[in-house]
Amino acid sequence: MCHRAVKFVLRHDRSGRAFRFAPLQGETFAARIPAERRAGLPDSIVLLTDDGALLERSNAFLHILRRLGGAWAVLASVLGVIPRGLRDFLYDFVARVRYRVFGRQDDVCPIVPKELRARFDP
């Protein structure tokens, strides 16, 4: 599902400048987030905002939708009225059942096309 989420953002980020991607185990993430903070993070979507805030799970998802703009920002506003605890519960539920619902993808880490490589950090 992570791969699909990245593909979704790449497809809908028309400017190509709203997001950069780095693996949680990569050197970029390690350099920007202190070890004690990394230790407490879930194995899930984590987003570092321009102002330095670290968002996780449903908060990160809503931030992405807002940054994409248009109808996605409207959807983020609607979903944002749901209390965070419930949003995170639903997020975690989908994460647990994702393979049963969406199937398992063999190309989890495909080769990134040359024109998109600049948006990925090590």
Side-chain angles (χ1 to χ4, degrees):
M1 204 136 141
C2 176
H3 174 62
R4 288 181 182 162
V6 170
K7 286 173 56 176
F8 171 85
V9 172
L10 288 170
R11 186 171 50 253
H12 291 91
D13 176 13
R14 292 189 177 98
S15 72
R17 293 186 301 272
F19 298 97
R20 298 191 57 77
F21 304 91
L24 294 178
Q25 303 80 14
E27 60 190 63
T28 301
F29 193 70
R32 293 187 180 183
I33 308 301
E36 61 276 359
R37 182 69 173 114
R38 288 193 316 266
L41 293 173
D43 183 20
S44 178
I45 184 170
V46 176
L47 189 140
L48 181 62
T49 66
D50 291 337
D51 63 358
L54 202 57
L55 306 177
E56 311 166 7
R57 297 155 62 205
S58 67
N59 278 347
F61 176 71
L62 292 180
H63 181 84
I64 290 167
L65 293 177
R66 284 187 196 101
R67 291 279 314 257
L68 291 176
W72 300 116
V74 173
L75 178 60
S77 294
V78 170
L79 295 174
V81 301
I82 300 170
R84 180 180 179 187
L86 180 56
R87 284 194 330 256
D88 282 346
F89 174 80
L90 294 171
Y91 182 95
D92 292 341
F93 174 76
V94 170
R96 278 193 309 276
V97 300
R98 67 185 178 266
Y99 293 129
R100 285 180 268 170
V101 174
F102 300 105
R104 191 177 286 271
Q105 216 172 351
D106 291 332
D107 64 340
V108 184
C109 294
I111 297 174
V112 178
K114 189 179 234 180
E115 66 273 11
L116 297 176
R117 287 186 193 149
R119 297 181 68 189
F120 289 81
D121 295 327

CG/Leu41 to CZ/Phe29 distance, rounded to the nearest 0.5 angstrom?
-> 5.0 Å

Distance (rounded to the nearest 0.5 Å) between Arg32 CZ and Arg37 CZ | 16.0 Å

More than 12 foreign heavy atoms under 6.0 Å from OH of Tyr91: is that the case here?
-> yes

Separation between CG (Asp88) and CZ (Phe61), nearest 0.5 Å, reads 12.0 Å

Side-chain (Arg84) to main-chain (Asn59) donor-acceptor, under 3.5 angstrom = no

Test side-chain contact (heavy atoms from CB on, under 4.5 Å) applied to Leu68 and Asp13, step by step = CA-CA 6 Å; Leu68 291 176; Asp13 176 13; 4.0 Å; yes

Atom pair CD1 (Ile45) and CD (Glu56), whose distance is rounded to the nearest 0.5 Å = 11.0 Å

Are Leu24 and Leu47 connected in a single hydrophobic cluster, I mean Ile/Leu/Val/Met/Phe/Trp/Tyr linked by side-chain heavy atoms less than 4.5 Å apart?
-> no

Please walk me through it: do Val6 and Val9 pass side-chain contact (heavy atoms from CB on, under 4.5 Å)?
-> CA-CA 5 Å; Val6 170; Val9 172; 5.9 Å; no

Find the distance between CG (Leu75) and CZ (Arg66) and round it off to the nearest 0.5 Å.
-> 10.0 Å

Would you name the heavy atoms of Ile82 and Leu86 that are closest together and state the gap between them?
-> CG2-CD2, 3.7 Å

CA sep, side-chain torsions, deciding dist, call: Arg87, Leu62, side-chain contact (heavy atoms from CB on, under 4.5 Å) = CA-CA 10 Å; Arg87 284 194 330 256; Leu62 292 180; 3.4 Å; yes

With no hydrogens and no angle check, is any side-chain donor or acceptor of Arg67 less than 3.5 Å from a backbone partner on Ala18?
-> yes

Going through the checks in order, is the side-chain contact (heavy atoms from CB on, under 4.5 Å) test met by Val46 and Ile33?
-> CA-CA 11 Å; Val46 176; Ile33 308 301; over 6 Å; no

Are Trp72 and Leu55 linked, directly or through other ILVMFWY residues, by side chains that come within less than 4.5 angstrom of each other?
-> yes

CG (Asp50) with more than 12 external heavy atoms under 6.0 Å | no

Find out if a path of hydrophobic residues (ILVMFWY) with successive side-chain heavy-atom gaps under 4.5 Å connects Leu79 to Val74.
-> no

Nearest-0.5 Å distance, CZ of residue Arg20 to CG of residue Leu48 = 12.5 Å

